[in-house]
Amino acid sequence: MATNRTFTMLKPDSVEKGYIGAILEKINATGFRIVAMKMTQMTVADAKEFYAIHSERPFFGELVEYMTRGPIIAAVLEKENAVEDFRALIGATNPAEAAEGTIRKMYAASMGENAVHGSDSDENAAIESAFHFSGREMF
Ligand code: UDP
Ligand code: MG
């Protein structure tokens, strides 16, 4: 079922470099409504669970280290066709391959440190939102 909601994280590199405001501005300007948002820091156990699908990949250790090294901004976003439109807004996983004007093209340093997360399906958007937020924190 399409939910018209997606889940995002502005990753530790975005927070460290002071890009939060610029990225949120771009998200707003693209028509997404913020329905939940907080600054939080994932524990190693959190990151291993969140990225469990990648646990056998060679980059898993680095990914967990990166995602836990500092605070993130977690948010739930609402818009018609949210999952697909947000993936288009953030661009390819590797910023070198991301389209001009996308968030990763503008703010990501590398494939590993790529500034922002976006859910890849409605099902995962719901799972990932519930991982970070209770029902009373989503508006
Ligand atoms: N990642 C990495 N190396 C890779 C692929 C992915 O370091 O070769 C990291 C990167 O931070 C990416 C995350 O793992 O955002 C999750 O990978 P996925 O394939 O789900 O990419 P995404 O959905 O974030 O575009
Ligand atoms: Mg993914």
Side-chain angles (χ1 to χ4, degrees):
M1 187 188 73
T3 60
N4 293 329
R5 288 190 173 191
T6 192
F7 172 77
T8 187
M9 295 183 286
L10 310 191
K11 297 181 176 182
D13 53 325
S14 293
V15 177
E16 289 159 7
K17 293 172 180 169
Y19 291 158
I20 295 172
I23 294 172
L24 289 177
E25 183 64 41
K26 206 162 163 57
I27 288 170
N28 269 321
T30 311
F32 290 91
R33 188 171 78 87
I34 295 167
V35 298
M37 187 166 70
K38 66 179 162 197
M39 180 176 268
T40 183
Q41 184 163 358
M42 289 203 281
T43 64
V44 167
D46 289 336
K48 284 182 172 170
E49 185 181 339
F50 188 91
Y51 284 113
I53 191 157
H54 295 306
S55 61
E56 302 305 318
R57 308 282 290 278
F59 58 82
F60 187 64
E62 274 179 27
L63 175 60
V64 169
E65 198 176 321
Y66 160 52
M67 289 303 298
T68 59
R69 79 177 185 215
I72 59 164
I73 302 295
V76 181
L77 306 174
E78 187 172 79
K79 182 186 182 296
E80 203 178 306
N81 204 36
V83 166
E84 198 182 331
D85 286 4
F86 193 69
R87 293 291 302 201
L89 177 64
I90 68 178
T93 306
N94 184 350
E97 292 163 10
E100 223 40 67
T102 59
I103 290 173
R104 282 170 168 167
K105 181 70 174 187
M106 294 172 75
Y107 300 109
S110 67
M111 173 88 123
E113 302 209 0
N114 57 5
V116 62
H117 168 83
S119 305
D120 62 7
S121 67
D122 288 324
E123 186 190 3
N124 283 336
I127 292 168
E128 292 169 1
S129 298
F131 185 90
H132 281 279
F133 296 100
S134 73
R136 282 181 289 112
E137 293 174 308
M138 289 187 264
F139 300 90

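These figures come from a predicted structure and were not determined experimentally. Heads up: numbering here begins at 1 and tracks the sequence. What's counted below: heavy atoms across the whole structure, side chains too, no hydrogens, waters or symmetry copies. Both ligands and their constituent atoms are indexed starting at 1 by order of listing.
Between Thr68 and Asp46, the closest side-chain pair of non-hydrogen atoms is not below 4.5 Å. In this structure, the side chains of Phe50 and Met9 come closer than 4.5 Å at one or more pairs of heavy atoms.
From the protein, the heavy atom lying nearest to atom 23 (O) of ligand 1 is Arg87 NH1, 2.8 Å. From the protein, the heavy atom lying nearest to atom 11 (O) of ligand 1 is Gly112 O, 3.0 Å. Thr93 OG1, 2.5 Å is the protein heavy atom nearest to atom 25 (O) of ligand 1. Scanning the protein for heavy atoms near atom 10 (C) of ligand 1, the closest one is Met111 O, 3.3 Å. Considering only non-hydrogen protein atoms, atom 13 (C) of ligand 1 sits nearest to Leu63 CD1, 4.0 Å. For atom 16 (C) of ligand 1, the nearest protein heavy atom (residue, atom name, distance) is His54 NE2, 3.5 Å.
Within a 6.0 Å sphere centred on CD of Glu62, heavy atoms belonging to other residues, nucleotides or ligands number 12 at most. Around atom NZ of Lys79, more than 12 heavy atoms belonging to other residues, nucleotides or ligands sit under 6.0 Å away. Gln41 CD: more than 12 foreign heavy atoms inside a 6.0 Å radius.
Panel note: side chain Asp13, backbone Ala115; a donor-acceptor pair is recorded below 3.5 Å.
Distances from atom 4 (C) of ligand 1 to the heavy atoms of Tyr66, Phe59, Phe60 show the closest one on Phe59. Here atom 12 (C) of ligand 1 lies nearest to Asn114 when heavy atoms of Asn124, Asn114, Val116 are compared.
Contacts of Lys11 with ligand 1, taken as heavy-atom pairs under 4.0 Å, involve the side chain alone. Only the side chain of Arg104 comes within 4.0 Å of ligand 1, counting heavy atoms alone; its backbone N, CA, C and O stay farther away.
The residue from Met42, Met67, Lys17, Glu113 that alone fulfils the side-chain contact (heavy atoms from CB on, under 4.5 Å) condition with Pro12 is Met67.
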